[in-house]
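Below, all heavy atoms of this structure are taken into account, side chains as well, without hydrogens, waters or symmetry copies. Each chain gets a letter, A, B and so on, in the order the sequences are listed, and its residues count up from 1.
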Number of protein chains: 2
Amino acid sequence: MAQTPSVDTVMRTLADPTRRAVFERVFHSKEITVVDLTRGSGVTQGAISQHLKTLKQAGLVIERPEGRNVYYRAQPEGLEPLADWMDHYGVPSLPAKKRYRARIVPDFRKSR
Amino acid sequence: MAQTPSVDTVMRTLADPTRRAVFERVFHSKEITVVDLTRGSGVTQGAISQHLKTLKQAGLVIERPEGRNVYYRAQPEGLEPLADWMDHYGVPSLPAKKRYRARIVPDFRKSR
DNA sequence: CTAATTAATTAGTATCCACTAAATTGATTT
DNA sequence: AAATCAATTTAGTGGATACTAATTAATTAG
């Protein structure tokens, strides 16, 4: 990746449920191949390849070719643009979350 | 909102750059009307209205009608599903100073 | 009152993109 | 060598959706 992908790229990449599921699955496996990812995905192997390409361009996965297999790994740093965006427009980071929620609720959330 | 929107809803809502820009602008203004949002947006008033409807359904904004105006406010809690997702699949390598700042000044939005 | 303003909605269009099926490439096996 | 396997790429299609222009509704101004 020549340059850090934009929030836009990351958002749009993860917005598709199938592709997000692929990312999650790659994330949860140390390494995984396309055929393994295809199994139980509900789409064809070509589709998975396309999604992986998109994920790769977004900096969310990397590949390690070995023989005729290509092993994919998640690249969590690829989520940084999204995290930065969240920091700016969004939700405080983990430790502050509880306080934050306690402060917000009472007004227009219907209490019952 | 009957129910908390899913990650999917939030992601897809924020994936569109125009709509995300609308959200950011609403977020940074205390309250803002549709005409004000339309100004300089590059799209028509109808388009802005549509985006606001989508944002509202995603739990990201709320409206306050007053006379013939409708004032919109951001609803940062709407980002929680996204934050929760990030927590799971998230970002260990987020720059430490950013997290630090977020922790000590969680309410940096209000101080200006 | 009429005219103007604000906003939402509608219908129609164009673009985008996720997907499949098929072809292709490259690597291993027999 | 041919056959098989893993993966990518291509062309084409269908569906989703962002947008515009126009209409509608409601409120305020002159």
* Asked: Can W85(B) and E80(B) be counted as having a side-chain donor-acceptor contact under 3.5 angstrom?
  ->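 No pair is found: no donor N or O on one side chain lies under 3.5 Å from an acceptor on the other.
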
Could you list the residues that satisfy side-chain hydrogen bond (donor to acceptor under 3.5 Å, both in side chains) with [X], not counting sequence neighbours?
X	value
Q45(B)	none
D8(B)	R20(A)
T33(B)	none
T18(A)	none

Within the sub-3.5 Å range, which N or O atoms of nucleotides 27-29 of chain D have a protein N or O partner, and how far apart are they?
residue: dT27(D); atom: O2; partner: R68(B); partner atom: NH1; Å: 3.3

* Asked: For R64(B), what residues pass the side chain to side chain contact (heavy atoms under 4.5 Å, CB included) criterion, not counting sequence neighbours?
  ->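 Here the qualifying residues are E31(B), E66(B), Y71(B).
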
In whole angstrom, give the distance that lies between atom [atom1] of [X] and atom [atom2] of [N].
X	N	atom1	atom2	value
F23(A)	dA18(C)	CZ	P	17 Å
D8(A)	dC16(C)	CG	C1'	14 Å
N69(B)	dA25(D)	CG	C1'	15 Å
L14(A)	dA18(C)	CG	P	12 Å
D36(B)	dT6(C)	CG	C1'	11 Å
Y71(A)	dA6(D)	OH	C1'	10 Å

Between the protein and nucleotides 8-10 of chain D, list every N/O to N/O distance that falls short of 3.5 Å.
residue: dT8(D); atom: OP1; partner: Y72(A); partner atom: OH; Å: 2.4
residue: dT8(D); atom: OP2; partner: S49(A); partner atom: OG; Å: 2.2
residue: dT10(D); atom: O4; partner: Q50(A); partner atom: NE2; Å: 3.0

* S6(A) side-chain N/O to T9(A) backbone N/O, donor-acceptor pair under 3.5 Å ->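 Yes.
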
* Verify the contact: side-chain N or O of T44(B) to OP1 or OP2 of dT20(D), cut-off strictly under 4.0 Å; return yes or no. =>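 Yes, because at least one side-chain N or O of T44(B) sits under 4.0 Å from OP1 or OP2 of dT20(D).
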
* Counting side-chain heavy atoms from CB outward, which of dC19(C), dT6(C), dA18(D) is closest to R19(B)? ->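 Looking only at side-chain atoms, R19(B) lies closest to dA18(D).
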
Please tabulate, for side-chain N and O atoms in residues 47-55 of chain A, each donor-acceptor pair with protein atoms closer than 3.5 Å (sequence neighbours left out).
residue: H51(A); atom: ND1; partner: R19(A); partner atom: NH1; Å: 3.3
residue: T54(A); atom: OG1; partner: Q50(A); partner atom: O; Å: 3.1

* Who pairs with D36(B) by salt bridge (charged side-chain N to carboxylate O under 4.0 Å, His left out), at least two apart in sequence or on another chain? ->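 So D36(B) forms a salt bridge (charged side-chain N to carboxylate O under 4.0 Å, His left out) with R39(B).
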
